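The figures here come from the full heavy-atom set of this structure, side chains too, leaving out hydrogens, waters and symmetry mates. What you see is a predicted model, and the numbers here were worked out from it, not measured in a lab.
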Amino acid sequence: RESAKIHLFWGGRTAASSAIYDEILRERLSRKRNINICKSYSREGNKQYVQELVLQQKDIVLKTIEEGGLLMICGSLAMQHDVLDMLEKLLAENSTIGLDELMHNGQLKMDCY
């Protein structure tokens with residue numbers, strides 16, 4: 001959706017792991033200002049996992065859920081489990097909605113391997 005706000009939380013080992021997408025994202029950002037990108041790297045810089053980035057940005061995540069927005073998790077199964085654990089904790093502490101409800105109503109989509 002062209003008008004939807006998009007918050008992309010990228011987690012990789014190094015900056016080089018996201019470099020192949022940088023040109024595509026730069027081009028998209030030059031045309032549309034509705035995308036916010038937050039990156040984390042587990043093996044360099046501040047050494048942060050993507051689930052920690054989700055926790056840092058919990059207000060955005062919770063607002064997205066409350067407004068009926070969609071969460072998508074794509075990547076490794078290990079990352080998926082870690083992010084789901086973090087989401088479950090966030091929801092338990094800050095919302096009446098649980099993971100099961102998010103999945104049932106189509107607000108949580110996953111493509112992990």
Side-chain angles (χ1 to χ4, degrees):
R1 290 180 253 160
E2 291 297 316
S3 63
K5 284 187 174 181
I6 299 169
H7 302 280
L8 172 63
F9 299 98
W10 171 273
R13 291 181 180 169
T14 64
S17 65
S18 69
I20 61 172
Y21 304 104
D22 286 346
E23 184 177 333
I24 295 166
L25 293 172
R26 263 192 308 278
E27 187 272 330
R28 172 73 175 154
L29 287 171
S30 71
R31 290 185 294 126
K32 301 291 180 187
R33 298 289 178 203
N34 63 332
I35 300 176
N36 177 45
I37 302 172
C38 300
K39 293 183 179 184
S40 64
Y41 304 109
S42 62
R43 303 261 167 91
E44 67 183 28
N46 291 334
K47 295 185 180 180
Q48 180 182 47
Y49 291 103
V50 72
Q51 66 269 19
E52 296 166 332
L53 189 56
V54 169
L55 180 60
Q56 270 185 342
Q57 301 293 321
K58 71 179 182 179
D59 292 339
I60 290 171
V61 174
L62 292 168
K63 182 178 180 185
T64 299
I65 292 167
E66 290 167 8
E67 293 178 350
L70 178 66
L71 303 178
M72 298 176 72
I73 302 172
C74 306
S76 74
L77 287 172
M79 178 276 310
Q80 175 191 19
H81 295 299
D82 292 339
V83 170
L84 287 174
D85 288 345
M86 180 60 67
L87 281 174
E88 190 168 45
K89 180 181 175 186
L90 278 178
L91 292 171
E93 294 173 356
N94 300 285
S95 179
T96 59
I97 299 172
L99 281 180
D100 289 340
E101 187 176 343
L102 288 179
M103 287 188 267
H104 179 73
N105 67 19
Q107 280 184 270
L108 179 58
K109 307 283 185 185
M110 295 177 275
D111 184 13
C112 298
Y113 49 90

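In this structure, the side chains of Lys89 and Leu55 stay at 4.5 Å or more apart for every pair of heavy atoms. Contact annotation: the side chain of Val61 approaches that of Phe9 to within less than 4.5 Å [non-hydrogen atoms, C-beta and beyond]. The shortest side-chain heavy-atom distance between Met72 and Met110 does not fall under the 4.5 Å cut-off. Side-chain contact check for Leu53 versus Gln48: some heavy-atom pair is nearer than 4.5 Å. Residues Leu91 and Leu62 have side chains in contact (heavy-atom distance under 4.5 Å, counting atoms from C-beta outward). At least one side-chain heavy atom of Met79 sits under 4.5 Å from a side-chain heavy atom of Val83.
Here the shortest heavy-atom pairing between Met86 and Gln51 reads CG-O, 3.6 Å. Between Leu77 and Cys112, the shortest heavy-atom distance links the atoms CD2-CB, 3.9 Å. Contact record, Glu44 with Ala15: OE2-N, 2.8 Å, taken as the closest heavy-atom pair. Closest of all the heavy-atom pairs between Leu102 and Asn105 is O-OD1, 2.9 Å. Pairing each heavy atom of Lys47 with each of Glu52, the nearest pair is O-OE1, 4.3 Å.
Counting only distance, with no hydrogens or angles, the side chain of Asn36 and the backbone of His7 share no donor-acceptor pair below 3.5 Å.
Summarising the geometry, atom SG belonging to Cys38 is positioned 14.0 Å from atom CH2 belonging to Trp10; distances are rounded to the nearest 0.5 Å. Atom CD1 of Ile35 sits about 13.0 Å away from atom NZ of Lys5, to the nearest 0.5 Å. Atom OH of Tyr49 is separated from atom OG of Ser40 by 10.0 Å, given to the nearest 0.5 angstrom. The structure places OG1 of Thr64 at 14.5 Å from NZ of Lys58, a figure rounded to the nearest 0.5 Å.
Ile24 and Ile6 are members of different hydrophobic clusters when ILVMFWY side chains are connected at heavy-atom separations under 4.5 Å. Note: the hydrophobic cluster containing Leu71 also contains Met103 (ILVMFWY, side chain heavy atoms under 4.5 Å, direct or indirect links).
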Walk me through whether Leu108 and Leu84 qualify under side chain to side chain contact (heavy atoms under 4.5 Å, CB included). CA-CA 10 Å; Leu108 179 58; Leu84 287 174; 3.9 Å; yes
For the pair Leu87 and Ile73, evaluate side chain to side chain contact (heavy atoms under 4.5 Å, CB included) and give the outcome as yes or no after the intermediate values. CA-CA 11 Å; Leu87 281 174; Ile73 302 172; 4.2 Å; yes
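Every pair passing side-chain hydrogen bond (donor to acceptor under 3.5 Å, both in side chains) that includes a residue from residues 12-23 is listed here, sequence neighbours excluded: Ser18-Lys39, Ser18-Tyr41, Asp22-Lys39. Each salt bridge (Lys or Arg N to Asp or Glu O under 4.0 Å) pair with one or both residues in residues 90-113, not counting sequence neighbours, would appear here, but there are none.
With Leu90 as the partner, the side chain to side chain contact (heavy atoms under 4.5 Å, CB included) test is satisfied by one option alone out of Val54, Ile65, Asp85: Val54.
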